[in-house]
Amino acid sequence: MPAAGRGGALSAQSLPSLPARMALTATPAPPTLDVRRKDRRMLRRQMLAVPALIAATPARAADPVDLLLVLAIDASGSIDAEEFRLQREGCAEALAHPSVLAAIRGGPQGAIGIALVEWGAPGGAATVVDWRRVADAAGALAAGDAIRAAPRSRQSWNAIGDAIDHAARLIAAAPFVADEKVIDLSGDAPDMRGLRRAPEARDSAVAAGITVNGLAILGGTPGLAEIYGREVIGGPGAFVMTAEGRADFARAMRAKLVREIA
């Protein structure tokens, strides 16, 4: 630090020369193509490390629940504002439905852990509602309010593999413990572009003890349920359920939750 003159101000003699000041204030150059490629390679290595991360996660002294469930919903550019609202409302309504609450109460612990992820952009899946413990109507309503209120994340494309990897890491870091772990992925299109293909990410999740189920929203891609059956779902008892468009999302999600929780 240069010496201060009278009154605490820096003296002219103590200031750096003009070239030195320019060097200190110069705007950093934007990342080069090589730097961006290195960043992408680093993110891809993190994706590939998911099974090892989950296997190496130590047991935690945490509240036991019957199920760790990640709802991974499509927020890509093909989803307009009204469709997006119907998805959020569908998740919130399904969670508080009496049939779902009855399924939750019927488990040994009488509780589940739930989180909400939005996906779309390659490597850009985002946790929009972090883990919540749901054991009764009050907990379900609070989780539903959080789902409705969370800002929409910025997404594009359909990177389903990256969404599965993100959800698997979220399960590995959950504050609850459970024997059953499920990723519930819903969307209206197949895997299109991502850092890792959906079948590879699915296989890694299954190897880590996670079941991946699918909810195919029909009306766009022909044969979407069959595609999800081949490329997305995996693990013991994995299944695909369908919704006949966005308006049918709440019904399908409700039936899917009952099947996953029971």
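Since the model is a prediction, treat every value here as computed from it, not as a measurement.
Using modelled atom types, no side-chain atom of Asp248 and backbone atom of Ala243 make a donor-acceptor pair closer than 3.5 Å. Formation of a donor-acceptor pair under 3.5 Å by the Trp119 side chain with backbone atoms of Ala72 is found in this model. Between the side chain of Glu83 and the backbone N or O of Asp80, at least one donor-acceptor pair lies under 3.5 Å. Side-chain atoms of Asp191 come within 3.5 Å of backbone atoms of Ile160 as a donor-acceptor pair (strictly under, hydrogens ignored). The closest donor-acceptor contact from the side chain of Arg202 to the backbone of Ile233 lies under 3.5 Å. A donor-acceptor pair is defined here as one N or O able to donate and one able to accept, closer than 3.5 Å; such a pair exists between the side chain of Asn213 and the backbone of Phe239. One N or O on the side chain of Glu118 and one on the backbone of Ser153 form a donor-acceptor pair closer than 3.5 Å. Listed for the Asp66 side chain is a donor-acceptor partner under 3.5 Å among the backbone atoms of Gly110.
Here CG of Asp184 is found 4.0 Å from CD of Glu260. Values are rounded to the nearest 0.5 Å. For the atom pair Arg246 CZ and Glu82 CD, the distance stands at 11.0 Å (nearest 0.5 Å). Atom CD1 of Ile261 sits about 6.5 Å away from atom CG of Leu69, to the nearest 0.5 Å. Cys91 contributes atom SG, which lies 7.5 Å from atom CD1 of Ile114 (distance to the nearest 0.5 angstrom). With rounding to the nearest 0.5 Å, the separation of CG in Leu218 from CD in Glu244 is 5.0 Å. Atom CD1 in Ile164 sits 10.0 Å away from atom CD in Glu231 (nearest 0.5 Å).
Counting heavy atoms from C-beta outward, Val128 and Arg88 have side chains that approach closer than 4.5 Å. Side-chain atoms of Val65 and Val177, non-hydrogen and from C-beta on, never get closer than 4.5 Å to each other. In this structure the side chain of Leu116 reaches within 4.5 angstrom of the side chain of Ile73, judged on heavy atoms. Annotation: side chain of Thr221 is in contact with side chain of Pro190 (closest heavy-atom distance under 4.5 Å).
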CA sep, side-chain torsions, deciding dist, call: Val232, Leu185, side-chain contact (heavy atoms from CB on, under 4.5 Å): CA-CA 8 Å; Val232 175; Leu185 186 137; 4.3 Å; yes
Arg254 and Val100: side-chain contact (heavy atoms from CB on, under 4.5 Å), yes or no, with the steps? CA-CA 7 Å; Arg254 181 171 64 248; Val100 174; 4.1 Å; yes
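Considering all non-hydrogen atoms of both residues, Phe84 and Ala75 come closest at CE1-CB, 4.1 Å. Counting all heavy atoms, side chain and backbone alike, Ala163 lies closest to Ala125 at CA-CB, 4.0 Å. Shown here for His97 and Ser99, the closest heavy-atom pair between the two residues is ND1-OG, 2.8 Å. Closest non-hydrogen pair, Thr242 versus Leu215, comes out as C-CD2, 4.4 Å. The minimum heavy-atom distance linking Pro122 with Gly194 is given by the pair CB-CA, 4.0 Å. Heavy-atom minimum distance, Ala167 versus Val70: CB-CG1, 3.7 Å.
The hydrophobic cluster containing Ile217 also contains Leu257, counting ILVMFWY residues as joined when their side-chain heavy atoms lie under 4.5 angstrom apart, directly or transitively. Under a hydrophobic-cluster definition in which Ile, Leu, Val, Met, Phe, Trp and Tyr are linked whenever side-chain heavy atoms come within less than 4.5 Å, directly or via other members, Val240 and Leu224 are assigned to the same cluster. Residues Phe249 and Leu95 are members of one and the same hydrophobic cluster, defined by side-chain heavy-atom contacts under 4.5 angstrom among Ile, Leu, Val, Met, Phe, Trp and Tyr. Under the 4.5 Å side-chain contact rule for hydrophobic residues, Leu71 and Ile171 do not share a cluster. When hydrophobic clusters are built by joining Ile, Leu, Val, Met, Phe, Trp and Tyr residues whose side-chain heavy atoms come closer than 4.5 Å, directly or via intermediates, Met253 is not grouped with Val117.
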Per-pair distances, 0.1 Å, donor-acceptor, side chain in residues 129-146, under 3.5 Å, sequence neighbours excluded:
from	atom 1	to	atom 2	distance (Å)
Trp131	NE1	Leu170	O	3.2
Asp136	OD1	Ala138	N	3.3
Asp136	OD1	Gly139	N	2.8

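Listed by chain and residue number, Leu67 satisfy the side chain to side chain contact (heavy atoms under 4.5 Å, CB included) test with Glu180 (two or more places apart in sequence, or in another chain). For Arg105, the side-chain hydrogen bond (donor to acceptor under 3.5 Å, both in side chains) test picks out no residue, with sequence neighbours left out. The side-chain hydrogen bond (donor to acceptor under 3.5 Å, both in side chains) check on Glu89 picks up Arg148, with sequence neighbours excluded. Checked against side chain to side chain contact (heavy atoms under 4.5 Å, CB included), Arg230 has the following partners two or more places apart in sequence or in another chain: Glu226, Ile227. Judged as a side-chain hydrogen bond (donor to acceptor under 3.5 Å, both in side chains), and not counting sequence neighbours, the contacts of Asp74 are Ser76.
Look at Asp165 and Arg196 and you find a salt bridge, because one of the NZ, NE, NH1 or NH2 atoms lies within 4.0 Å of a carboxylate O, short of that distance.
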